[in-house]
Amino acid sequence: MARFSFRLPDIGEGIAEAEIVEWHVKIGDRVEEDGRLADMMTDKATVEMESPVAGTVIELAGEVGDQIAIGSTLVVIETEGEDAPAVEPEVEQQVAAETPGVEEAAPAEADPAPTPAPEPVAAPAPAPAPVPASAPASDKHALASPAVRQRAKDLGIDLATVKTESDRVRHADLDAYLRYSSGQGYHAPHASRAREDEAIKVIGMRRKIAENMQAAKRNIPHFTYVDEIDVTALESMRADLNDNRGNRPKLTMLPLMIVAICRSLPQFPMLNARYDDEGGVVTRSGRVHMGMATQTDAGLTVPVIRDAQDKNVWQLASEITRLAEAARASKLKPEEMGGGTITITSLGPLGGIATTPVINRPEVAIIGPNKIVERPVFQGDDIVRAKLMNLSISCDHRVVDGWDAASYVQALKKLLETPVLLFAD
């Protein structure tokens, strides 16, 4: 037998290490050529590692959450061959112990002569099986975040058997499943019931988010400016556009906001920029590569709409939908996850009165539209019903002054309150 060491390849330009976010094999598993070994996460994307050889897994480099250097051994696989040293005894024992249907080998007799294999005999009735180390293969067909999938794997739960009222299985669904399995009845969790403390390792996407947010708050002196915008006319125009959209996608407020941002940014180039901390250089972009903060089960990610200034409102609507779906399915390409020049973040129907969004470093500004509410307002001596929305903008005070931010929001406000200007040359 021979040992093959699979070394972690260079999976991204400038990447020195990658994090193990999921193992698809364990020690003792048989893996085929091109079979899945592990999912590795870099700063840019999650990449699936495949085995270049067939054989039995005898060593793994670490646990989920560990960082592995590029070029170091990720997996050792025992393959057919005569030219490699034999597997160490303790490794052989571990393989035997973790391979289903294989008992631990007895010590070798002094006589090396081969003996005939015993005739198979009926096995006694098995004792109750322990919780399996991994979930059944059908798990792969159930939608769930990596954290939920890992927890189900540890508990030996087939995700395909877990009921959920949403489009994917969540931690609360696993809790309800466990209660049902223990005879307490399968029902939704009740807010008044206490539950045990749960220690969750900060790994994968959650760790990347934590590192990025910490770096942004540590390095960037933030300030936030908030103003109120009357979007009554904009909402009326949006309704008219949707009524006459034909086969085009339905418009939300977001594509209209992006059109307004792109039209107003040329007068304020200091906002559409990236700041190189180490070099002390601010690069003002001539194009708008719009970051779009998107919530997924794994956490917040920011896909980028490239050259947003060249897209009309319908094209933006299609691109927003496409990127959001790719983000939630973890199928974003590396080029769709970086290079943004300014970001927009919205809580959608949750809205909120005002937000203080954190800048997506190395950008220098982030815009946050808040919830639209109806309130009575004065128009001369009359009181009318209006749709109002607070708009937040956070800026890097090293390169953007408060006057610039306030002036920009006023320019943006003019476009949003007079939406015909969005389509004027």
Side-chain angles (χ1 to χ4, degrees), residues 12-17 41-45 205 207-227 254 257-294 299-310 323 327 332-346 354-369 391-413:
E13 184 178 353
I15 300 298
E17 60 184 8
M41 174 178 283
T42 70
D43 290 336
K44 300 294 184 183
M205 180 69 76
R207 176 155 71 182
K208 294 299 180 186
I209 293 171
E211 291 172 351
N212 291 342
M213 293 299 98
Q214 185 177 22
K217 293 297 287 186
R218 181 174 60 243
N219 291 283
I220 299 176
H222 284 63
F223 75 89
T224 301
Y225 175 84
V226 184
D227 202 351
L254 198 54
M257 288 286 305
I258 293 175
V259 170
I261 291 170
C262 291
R263 289 187 71 94
S264 53
L265 273 178
Q267 306 167 54
F268 301 89
M270 74 290 293
L271 293 169
N272 189 42
R274 294 165 65 90
Y275 184 30
D276 179 358
D277 292 35
E278 295 183 2
V281 175
V282 177
T283 301
R284 296 180 173 183
S285 178
R287 297 176 176 273
V288 181
H289 301 314
M290 178 68 65
M292 183 183 71
T294 304
L300 189 68
T301 187
V302 187
V304 176
I305 303 171
R306 307 201 71 81
D307 290 311
Q309 79 286 338
D310 292 336
L323 289 173
L332 287 171
K333 300 174 183 177
E335 61 269 22
E336 295 171 336
M337 299 178 64
T341 58
I342 191 169
T343 291
I344 186 168
T345 178
S346 172
T355 51
T356 56
V358 178
I359 296 167
N360 186 26
R361 186 168 176 260
E363 297 166 21
V364 301
I366 183 170
I367 296 170
L391 183 78
S392 303
I393 183 170
S394 292
C395 300
D396 185 339
H397 219 327
R398 295 173 299 179
V399 295
V400 180
D401 295 330
W403 178 269
D404 297 325
S407 299
Y408 173 71
V409 171
Q410 295 308 308
L412 187 58
K413 179 176 180 176

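Atom set for the values below is all heavy atoms of this structure, side chains included, hydrogens, waters and symmetry mates excluded.
Taking 4.5 Å as the limit, every side-chain heavy atom of Asp404 sits out of range of all side-chain heavy atoms of Leu271. Counting only heavy atoms from C-beta outward, the side chains of Met270 and Val364 never approach each other to under 4.5 Å. For the pair Val302 and Met292, the minimum side-chain heavy-atom distance is 4.5 Å or more.
Applying the side chain to side chain contact (heavy atoms under 4.5 Å, CB included) test to Gln410 and every residue at least two apart in sequence or in another chain returns Tyr225, Asp227, Lys413.
Residues Pro357 and Thr345 share a closest heavy-atom pair of CB-CG2, 3.8 Å. Of all the heavy atoms in Ser264 and Ala260, the pair that sits closest is OG-O, 2.8 Å. Minimum heavy-atom separation, Val304 to Gly338: CG2-O, 3.8 Å. Residues Val281 and Tyr275 share a closest heavy-atom pair of O-CD1, 3.5 Å.
A side-chain donor-acceptor contact under 3.5 Å links Asp396 to the backbone of Arg398. A donor-acceptor pair is defined here as one N or O able to donate and one able to accept, closer than 3.5 Å; no such pair exists between the side chain of Ser392 and the backbone of Ala354.
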Please list every donor-acceptor pair under 3.5 Å in which a side-chain atom of residues 213-223 meets a protein atom from a residue at least two apart or in another chain.
unit_1 : atom_1 : unit_2 : atom_2 : d
Asn219 : ND2    : Ala215 : O      : 2.7
His222 : ND1    : Ile220 : O      : 3.0
His222 : NE2    : Ile359 : N      : 3.0

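Within the model, atoms CD1 of Ile367 and OG of Ser346 stand 12.0 Å from one another, a figure rounded to the nearest 0.5 Å. One finds the CE atom of Met257 at 11.0 Å from the SG atom of Cys262 (value rounded to the nearest 0.5 Å). For the atom pair CD1 of Ile261 and OG1 of Thr343, the computed distance is 10.0 Å after rounding to the nearest 0.5 Å. Here Leu412 contributes atom CG and Ile393 contributes atom CD1; the two are 8.0 Å apart, rounded to the nearest 0.5 Å. Here the straight-line distance linking atom CD of Gln309 with atom OG1 of Thr341 works out to 8.5 Å at 0.5 Å rounding. In this structure, Asn272 CG and Arg287 CZ are separated by 11.5 Å, a value rounded to the nearest 0.5 Å.
Under 3.5 Å, the side chains of Ser394 and Thr224 contain a donor-acceptor pair of N or O atoms.
Applying the salt bridge (Lys or Arg N to Asp or Glu O under 4.0 Å) test to residues at least two apart or on different chains, none of the pairs has a partner in residues 267-276.
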